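In this text the structure is predicted, and so the values were computed from the model without any measurement. All values below come from the heavy atoms of this structure, side chains included, with hydrogens, waters and symmetry mates left out.
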Amino acid sequence: YQRRVREKGGLTEFGRKVLTRMEELGVFVDIAHASEQTIEDVCQLATKPLISSHTGVRAVCDTVRNLNDKQIQCVAKTGGVLGVTFFRGPQCGDNLIDSIVRSILHIRNLVGVRHIALGSDFDGFVQTPFDSSQLIQLTQALRNERFSEEEIRLIMGDNYKNLFLKYLPSASK
């Protein structure tokens, strides 16, 4: 899998046109599952905030599926948000909550807390260390790492909410 991902190409000419049109229409570009070359191409072309709806951090868990620091900085530079995922693969080690928190810490230290969100992947396809009724475990782990109430609020949903309110069309328009 990792070799195939590394060998995948970037955006085609058609892909470049689609990206431009998505931005014109106000559609967010999600780089989750994109190849490294595609992410690089999108980063060079994007003029609106990017998201990675569910990702890990390569500095914490070294797998090609996870974003490296340059890719994280690209998303932040556009004003975008990174959803840190909860499942094994993008997260490593015996304690997945610890891995999730280390991923969040890494992003905060690299680009700031306003670019972090939850990317739980609660779709039933992957197994996570807890379900939505147990998010208090993650909240407590963040508090243990001295995240402020405001930072936790931003991570738990306000960063996505703020992004959507700023860039999505208003229902009153």
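- When all heavy atoms of V84 and S103 are compared, the closest pair comes out as CG1-CB, 3.8 Å.
- With sequence neighbours excluded, the residues satisfying side-chain contact (heavy atoms from CB on, under 4.5 Å) with D41 are L11, R16, Q37.
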What pairs of donor and acceptor atoms, side-chain ones from residues 43-52 against any protein atom, are under 3.5 angstrom apart with sequence neighbours left out?
from: T47; atom 1: OG1; to: E23; atom 2: OE1; distance (Å): 2.7
from: K48; atom 1: NZ; to: E23; atom 2: O; distance (Å): 3.3

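- Across V111, L154, I104, I72, a single residue satisfies side-chain contact (heavy atoms from CB on, under 4.5 Å) together with I116, and that is I104.
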Open item on the list: Set out, in order, the CA-CA distance, both residues' side-chain angles and the distance that settles side-chain contact (heavy atoms from CB on, under 4.5 Å) for I31 and T38, then state yes or no.
Closed with: CA-CA 8 Å; I31 62 169; T38 298; over 6 Å; no
Task: Verdict with supporting geometry, R58 and Q71, side-chain contact (heavy atoms from CB on, under 4.5 Å) - done: CA-CA 10 Å; R58 199 172 296 174; Q71 294 163 336; 4.2 Å; yes
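- Residues T55 and R65 share a closest heavy-atom pair of CA-NH1, 4.0 Å.
- Side chain of T63 to main chain of N66: no donor-acceptor pair is present (N/O by atom type, distance under 3.5 Å, no hydrogens or angles).
- Side-chain N or O atoms of N159 include none that pairs as donor or acceptor with a backbone N or O of A117 at under 3.5 Å.
- Atom-to-atom distance recorded for D98:CG and C92:SG is 11.0 Å, nearest 0.5 angstrom.
- Seen from the ring of F147, R153 does not count as a face-on cation partner, given the 6.0 Å and 45° thresholds.
- Put simply, the side chain of V18 reaches to within 4.5 Å of the side chain of M22, judged on heavy atoms.
- Atom-to-atom distance recorded for K70:NZ and L110:CG is 13.5 Å, nearest 0.5 angstrom.
- In this structure the side chain of K17 reaches within 4.5 angstrom of the side chain of E13, judged on heavy atoms.
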Task: Working for side-chain contact (heavy atoms from CB on, under 4.5 Å), residues V81 and V75 - done: CA-CA 7 Å; V81 175; V75 172; 5.8 Å; no
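- The shortest side-chain heavy-atom distance between L118 and I100 does not fall under the 4.5 Å cut-off.
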Open item on the list: I'd like to know whether D69 forms a side-chain hydrogen bond (donor to acceptor under 3.5 Å, both in side chains) with H106, so could you lay out the CA-CA distance, the side-chain angles of the two residues, the decisive distance to 0.1 Å, and finally the verdict.
Closed with: CA-CA 9 Å; D69 286 355; H106 184 82; 2.6 Å; yes
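- Cluster membership for I136 and L142, using ILVMFWY side-chain heavy atoms within less than 4.5 angstrom, is not shared.
- Proximity of L67 to I39: side-chain heavy atoms (C-beta onward) are separated by under 4.5 Å at one or more points.
- Residues passing the ring-ring contact (aromatic ring centres under 6.0 Å, His included) test with F28, sequence neighbours excluded: F164.
- Proximity of a side-chain donor or acceptor of S35 to a complementary backbone N or O of G9 within less than 3.5 Å is detected.
- The minimum heavy-atom distance between L168 and G26, with the atom names listed, is CD2-O, 3.9 Å.
- T85 contributes no side-chain N or O that, together with a main-chain N or O of G56, makes up a donor-acceptor pair within less than 3.5 Å.
- The backbone N or O of G80 sits less than 3.5 Å from a side-chain atom of H115, completing a donor-acceptor pair.
- With rounding to the nearest 0.5 angstrom, the CD atom of E145 is 10.0 Å from the CZ atom of R102.
- Note on L25: it clusters hydrophobically with F14, by side-chain heavy-atom contacts below 4.5 Å among ILVMFWY residues.
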Task: Verdict with reasoning, Y160 to S53, per side-chain contact (heavy atoms from CB on, under 4.5 Å) - done: CA-CA 10 Å; Y160 268 140; S53 59; 4.2 Å; yes
